[in-house]
Amino acid sequence: MFNEITHIHRITNMDAIITRFPPSPTGYLHIGGARTALFNWLYARHNRGKFILRIEDTDVARSTQESVDAIFDALDWLGIDWDDGPYYQSRRFDIYREYIDRLVASGNAYYCTCSSQELEAMREAAKARGENPKYDGTCREKHLLPTEGAVIRFKSPQMGNTVVEDGIRGNIVFSNTEIDDFIIQRSDGSPMYNLAVVVDDITMEVNTIIRGDDHISNTPKQILLYRALGANVPLFGHVPMVLGNDRARLSKRHGAMSVTAYREMGYLPDALLNYLVRLGWSHGDQEFFTREELIEKFSLDHIGKSAGVFNPEKLLALNAEHIRNAAEEKLAPQLLPFLAEKGISADVSSPLLMGAIRTLKPRSKTLIEMADGVEFYFKAPETYEEKGMKKFFKPEGLDPVKQLTDALERTDAFDEKSLEAVFQSIMDASGLGFGKLAQPVRLALTGKTVSPGIFEMIAALGRDETIARLRRAISFMEATGA
RNA sequence: GUCCCCAUCGUCUAGCCCGGUCCAGGACACCGGCCUUUCACGCCGGCGACAGGGGUUCAAAUCCCCUUGGGGACGCCA
């Protein structure tokens, strides 16, 4: 795919790969955009190249500062950093003007005064003829001078082909008859997309463009622009798009599509990154990747060509796996906000938090689930689960629980091994099975019938709190006649 | 409508470029079982795909063509 020949031929500056991510700030950063950013970022990082962030806000009417901030926020959370920028196209109009002037001067562009009604009529006429709807070239040879309200069009060749050498798909041939004289400058003097990107990529020396395959049809136009401007054409790689479960292009109706929504739902950025990159890229049978592995192993030649369906369930499973594999110290700061929501303020590095996280890691698919599971460590139970009480707070269990509590009070070591020995001695003495002893204790400690393993949990909770909770439960049992 | 892209289990994919080792491998989901103090984790097993048709070849998931299906673009949006 990206073979040696292609590299030597296309990229003249051999020592650095320069990629970019150019979002237009018309909303939050969505899943698809994040994936594109990720591919470019990974490719640059893998090759020790440069990654540029550029805000494409030439459409002043639709661009907002809130969107810009939301994009920064999302990229920051994902840990996608940039080496250059952010550039704002809205601040580069002088540069575009200069290049447009060059195009007009060299006869590669011309002024056009056709009205939108006329344009609409042309498209209809072309369609009626069974052709691709396009501008018919009315003003092409008029040599119009700049006038109020005139646009500038690129004079594209009417014969021959333009071929896109795509690093992922190979060559894609377009007949130039399909490419019309597209507008490069609006009547208000602002540049249009195709012109602005090309000028930016030329001036920023971007030599590798990885983007969604919805841009394929723009590519021949851009190549024509590069040539007219006498610039080197960069290497293109069009990655397949992400679809919703109905195989339609991803949109809001497919559920949570903003990157930050996943932060709020308790996902780890590394899990989202892992999922997104695997949607379209593969490395043999490997499914789980750390961020470092991704940088090390990412390459363009294992990007598939077909569109993929976004599967939230697989993302969830991957998130669980990342939680399981993450260090407690790494999870703690990310968990804090979720605990805060429950009114729990914990010290990031407290032994209690570390222990709590350790016991919940294998049973939490999200940080929200983890926060729920961790809650009891910080809040002693105020009530006991109804069906648990009926089942486990029974008279015959009272005595063993008392004995266990006394025994725990006399125990120095509070590690899992010692705790197991203490339990064993009570079981031996009372003749009770493990479950008969463990379940009442679990209920006493957590208020619930479901929790982490009894020994790891007690070890994490600590002696004082464990005994206090057991005593409280004993009084409760005695008071209710259990 | 015109042009372009794509096509392996329900989904993400390995394999395809360099045909035989593939009666197609992994993962998610689902179903069984094991482990077990609860819930998970983990482990074992099951279900499940080369879109269809033509070629080429001793041999095709792999190469070629057609059909069908899906997606994208066609804007004074990006």
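We name chains A, B, ... by the order of the sequence lines, and we start the count at 1 in each one. In this text the structure is predicted, and so the values were computed from the model without any measurement. All values below come from the heavy atoms of this structure, side chains included, with hydrogens, waters and symmetry mates left out.
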One thing to verify: whether [Y] and [X] come together as a salt bridge, which I'm taking to mean a side-chain N less than 4.0 angstrom from a carboxylate O.
X: A/Arg469; Y: A/Glu465; value: yes
X: A/Lys448; Y: A/Asp372; value: no
X: A/Arg324; Y: A/Glu321; value: no
X: A/Glu416; Y: A/Arg358; value: yes
X: A/Asp213; Y: A/Arg169; value: yes
X: A/Arg363; Y: A/Glu369; value: no

Please give the nucleotide sitting opposite [N] as a Watson-Crick or G-U wobble pair, both distances under 3.5 Å, or none.
N: B/rG20; answer: B/rC58
N: B/rA7; answer: B/rU68
N: B/rG45; answer: B/rC31
N: B/rU2; answer: B/rA73

Just to be sure I understand the rule, does [X] reach a base, reach only the sugar-phosphate, or reach nothing, if contact means heavy atoms closer than 4.0 Å?
X: A/Asn245; value: nothing
X: A/Ile454; value: base
X: A/Thr449; value: base
X: A/Pro240; value: nothing
X: A/Phe310; value: nothing
X: A/Val151; value: base

What's the closest nucleotide to the [X] side chain, out of [options]?
X: A/Leu279; options: B/rC12, B/rC5, B/rU37; value: B/rC12
X: A/Glu287; options: B/rG25, B/rU38, B/rA27; value: B/rA27
X: A/Arg278; options: B/rU11, B/rA78, B/rG26; value: B/rG26
X: A/Ser451; options: B/rA29, B/rC5, B/rU38; value: B/rU38
X: A/Lys305; options: B/rC77, B/rC6, B/rC76; value: B/rC6
X: A/Lys314; options: B/rU2, B/rC12, B/rA29; value: B/rC12
X: A/Pro133; options: B/rG1, B/rU37, B/rA78; value: B/rG1

Can you measure [X] atom [atom1] to [N] atom [atom2] for me and round it to whole angstrom units?
X: A/Met389; N: B/rU38; atom1: CE; atom2: P; value: 21 Å
X: A/Lys387; N: B/rC39; atom1: NZ; atom2: C1'; value: 11 Å
X: A/Glu124; N: B/rU2; atom1: CD; atom2: C1'; value: 13 Å
X: A/Arg169; N: B/rC4; atom1: CZ; atom2: P; value: 14 Å
X: A/His30; N: B/rA78; atom1: NE2; atom2: C1'; value: 10 Å
X: A/Arg211; N: B/rA73; atom1: CZ; atom2: P; value: 13 Å
X: A/Asn274; N: B/rU13; atom1: CG; atom2: P; value: 13 Å
X: A/Leu404; N: B/rU37; atom1: CG; atom2: C1'; value: 13 Å

What's the verdict on side chain to side chain donor-acceptor pair (under 3.5 Å) for A/Ser418 and A/Asp415, showing C-alpha distance, side-chain angles and the deciding distance? CA-CA 6 Å; A/Ser418 320; A/Asp415 57 282; 2.6 Å; yes
Under 3.5 Å, which N/O atoms of the protein pair with N/O atoms of nucleotides 41-45 of chain B?
unit_1, atom_1, unit_2, atom_2, d
B/rG42, OP1, A/Arg324, NH1, 3.0

Does a side-chain heavy-atom distance below 4.5 Å link A/Phe174 with A/Ile216?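 Answer yes - side chains close enough.
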Within-4.5 Å side-chain heavy-atom neighbours: A/Arg20 and A/Asp201: yes
Is there a side chain to side chain donor-acceptor pair (under 3.5 Å) between A/Ser24 and A/Tyr193 once you walk through the steps? CA-CA 10 Å; A/Ser24 58; A/Tyr193 168 71; over 6 Å; no
Tell me whether the count of non-hydrogen atoms from other residues, nucleotides or ligands lying under 6.0 Å of NZ in A/Lys297 goes above 12.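 Above 12, so yes.
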Residue A/Lys342 excluded, over 12 heavy atoms near NZ under 6.0 Å: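 Enclosed: over 12 neighbouring heavy atoms sit under 6.0 Å from NZ of A/Lys342.
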side-chain hydrogen bond (donor to acceptor under 3.5 Å, both in side chains) with A/His322: which of A/Asp270, A/Thr290, A/Asn274? A/Asn274
For nucleotides [N] and [M], find the distance between their [atom1] atoms and express it as a whole number of Å.
N: B/rU21; M: B/rC12; atom1: C1'; value: 26 Å
N: B/rG25; M: B/rG46; atom1: P; value: 11 Å
N: B/rA60; M: B/rG52; atom1: P; value: 15 Å
N: B/rG55; M: B/rU62; atom1: C1'; value: 15 Å
N: B/rC65; M: B/rG48; atom1: C1'; value: 31 Å
N: B/rU68; M: B/rC30; atom1: C1'; value: 30 Å
N: B/rA29; M: B/rC47; atom1: C1'; value: 12 Å
N: B/rA51; M: B/rU8; atom1: C1'; value: 10 Å

Closest heavy-atom contact between A/Ala248 and A/His254? O-CE1, 3.8 Å
Tell me, which of residues 181-195 of chain A have any heavy atom that sits under 4.0 Å from an atom in RNA chain B? A/Ile183, A/Arg186, A/Ser187, A/Met192, A/Tyr193
Is there a side-chain contact between A/Ser282 and the phosphate of B/rA14, meaning an N or O under 4.0 Å from OP1 or OP2?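 Yes, within the criterion.
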Considering just the side-chain nitrogens and oxygens of A/Arg123, establish if one lies under 4.0 Å of OP1 or OP2 belonging to B/rC76. yes
Any idea if B/rC41 is syn or anti, going by the 90°-from-0 cut? syn
Which comes earlier along RNA chain B counting from the 5' end, the contact point of A/Gln439 or that of A/Glu56, where each point is its nearest nucleotide? A/Gln439
First of A/Gly284 and A/Gly453 reached from the 5' end of RNA chain B, by closest nucleotide: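 Of the two residues, A/Gly284 wins.
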Does A/Phe393 have its ring centroid less than 6.0 Å away from the ring centroid of A/Tyr384?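 Ring centres of A/Tyr384 and A/Phe393 closer than 6.0 Å.
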Quick check: A/Trp82 with A/Phe72 (ring centres under 6.0 Å apart)?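 A/Phe72 vs A/Trp82: aromatic centres under 6.0 Å.
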Detail all sub-3.5 Å separations between protein N/O atoms and N/O atoms belonging to nucleotides 63-72 of chain B.
unit_1, atom_1, unit_2, atom_2, d
B/rG72, O3', A/Arg249, NH1, 3.2

Any N or O donor-acceptor pair under 3.5 Å from the base of B/rA78 to the side chain of A/Asn218? yes
